[in-house]
K.L.:
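Here's a structure for you.
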Amino acid sequence: MKVYLACKPTDMRRGFDGLAADAAQVLRVDAYSGAVIVFRSRRGDYVKILTWDGSGLCLFAKRLEKGRFVWPPIVDGGMRLTAAQLALLIEGIDWRRTIAAEEAKQPIFA
């Protein structure tokens with residue numbers, strides 16, 4: 001699964017068509033490709049996720065009651081995430097501090 005993160009905040013009043021247009025213009029990603037595209041609000045406590053399921057666009061939203069979603073620096077464009085990083089982001093966990101698979105294979109006890 002390809003996951004794209006729009007680094008710059010997005011107007012959360014936008015719906016399916018507006019976010020699909022943002023994906024094409026800002027991220028250079030086709031919203032109808034099956035990729036997962038994540039957008040955040042200016043305050044950082046609200047995200048919308050746009051994806052194509054084969055029969056139509058799906059739009060998911062989540063608002064944190066406390067805190068903010070961990071986000072990379074605000075720049076134009078976007079970045080790719082793994083599915084695991086997306087799961088952490090949605091839960092409000094700092095996905096940037098995850099341990100890589102190679103590091104996790106090292107023994108815990110010396």
Side-chain angles (χ1 to χ4, degrees):
M1 166 172 62
K2 292 182 181 178
V3 180
Y4 296 93
L5 193 69
C7 293
K8 200 170 188 179
T10 304
D11 183 356
M12 288 292 117
R13 295 175 291 181
R14 291 179 180 252
F16 295 96
D17 298 328
L19 292 174
D22 277 356
Q25 291 174 352
V26 176
L27 301 172
R28 307 284 188 246
V29 175
D30 180 13
Y32 301 93
S33 68
V36 175
I37 307 160
V38 186
F39 302 91
R40 80 162 196 143
S41 66
R42 291 199 189 283
R43 288 190 354 201
D45 64 341
Y46 187 58
V47 295
K48 283 189 176 180
I49 301 171
L50 184 70
T51 190
W52 173 262
D53 72 353
S55 63
L57 283 173
C58 300
L59 185 60
F60 303 96
K62 182 170 183 176
R63 182 185 71 203
L64 292 177
E65 294 300 320
K66 293 182 182 178
R68 293 192 166 108
F69 291 100
V70 176
W71 218 257
I74 296 174
V75 295
D76 288 335
M79 64 180 296
R80 292 268 314 258
L81 295 181
T82 65
Q85 288 172 324
L86 174 63
L88 291 170
L89 181 135
I90 291 171
E91 292 301 322
I93 299 171
D94 189 350
W95 53 270
R96 298 170 303 173
R97 298 180 185 253
T98 56
I99 298 172
E102 293 178 5
E103 294 173 353
K105 292 179 185 178
Q106 295 177 358
I108 297 172
F109 303 105

K.L.:
With hydrophobic residues grouped by side-chain heavy-atom distances under 4.5 Å, do Phe69 and Leu81 end up in a single group?
P.N.:
yes
K.L.:
Once side-chain contact (heavy atoms from CB on, under 4.5 Å) is applied, do any residues pair with Pro9, and if so which ones, sequence neighbours excluded?
P.N.:
Arg40, Arg42, Ile74
K.L.:
Side chains of Leu5 and Trp95, heavy atoms from C-beta outward: is any pair under 4.5 Å?
P.N.:
yes
K.L.:
Please say yes or no: joined through hydrophobic side-chain contacts below 4.5 Å, possibly via intermediate residues, are Val26 and Val29 part of one cluster?
P.N.:
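Val26 and Val29: one cluster.
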K.L.:
If I compare all heavy atoms of Pro72 with all of Cys7, which pair ends up nearest, and what's the gap?
P.N.:
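The answer is CG-SG, 3.7 Å.
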K.L.:
Do Ile49 and Leu27 share a hydrophobic cluster, counting only Ile, Leu, Val, Met, Phe, Trp and Tyr and linking them when any side-chain heavy atoms are less than 4.5 Å apart?
P.N.:
no
K.L.:
Taking side-chain contact (heavy atoms from CB on, under 4.5 Å) as the definition, give me every residue that meets it alongside Lys2, ordered by chain and number, with sequence neighbours left out.
P.N.:
Tyr4, Ala35, Arg80
K.L.:
Show the numbers, then the answer: is there a side-chain hydrogen bond (donor to acceptor under 3.5 Å, both in side chains) between Asp53 and Ser55?
P.N.:
CA-CA 6 Å; Asp53 72 353; Ser55 63; 3.2 Å; yes
K.L.:
Tell me every residue that passes side-chain hydrogen bond (donor to acceptor under 3.5 Å, both in side chains) with Asp30, counting only those two or more places apart in sequence or in another chain.
P.N.:
none
K.L.:
Where do Val70 and Leu89 come nearest, in terms of heavy atoms and distance?
P.N.:
O-CD1, 3.6 Å
K.L.:
Using the salt bridge (Lys or Arg N to Asp or Glu O under 4.0 Å) rule, collect all pairs that involve residues 57-74, keeping only residues at least two apart or in two chains.
P.N.:
Arg63-Glu65
K.L.:
Could I get the full list of ring pair (Phe, Tyr, Trp, His ring centres under 6.0 Å) partners for Trp71, not counting sequence neighbours?
P.N.:
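Applying ring pair (Phe, Tyr, Trp, His ring centres under 6.0 Å) to Trp71 gives none.
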K.L.:
Using the rule that two of Ile, Leu, Val, Met, Phe, Trp, Tyr join whenever any of their side-chain heavy atoms come within less than 4.5 Å, decide whether Leu57 and Val3 are in one cluster.
P.N.:
no
K.L.:
Roughly how far apart are Thr51 OG1 and Met1 CE, rounded to 0.5 Å?
P.N.:
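Nearest 0.5 Å value for the OG1-CE distance: 8.0 Å.
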K.L.:
Would you list the pairs meeting salt bridge (Lys or Arg N to Asp or Glu O under 4.0 Å) in which at least one residue belongs to residues 17-29, sequence neighbours left out?
P.N.:
Arg14-Asp22
K.L.:
Mind checking whether Val47 and Ile90 have side chains closer than 4.5 Å, heavy atoms only?
P.N.:
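Sidechains of Ile90 and Val47: no contact.
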K.L.:
Report the residues that fulfil side-chain contact (heavy atoms from CB on, under 4.5 Å) with Leu59, sequence neighbours left out, ordered by chain and then residue number.
P.N.:
Phe16, Leu19, Lys48, Leu50
K.L.:
What pairs meet the ring pair (Phe, Tyr, Trp, His ring centres under 6.0 Å) rule with one or both residues in residues 34-65, with sequence neighbours excluded?
P.N.:
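Residue pairs passing ring pair (Phe, Tyr, Trp, His ring centres under 6.0 Å), neighbours aside: Tyr32-Trp52.
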K.L.:
List the residues meeting side-chain contact (heavy atoms from CB on, under 4.5 Å) with Arg43, not counting sequence neighbours, and say none if there are none.
P.N.:
Ser41, Asp45
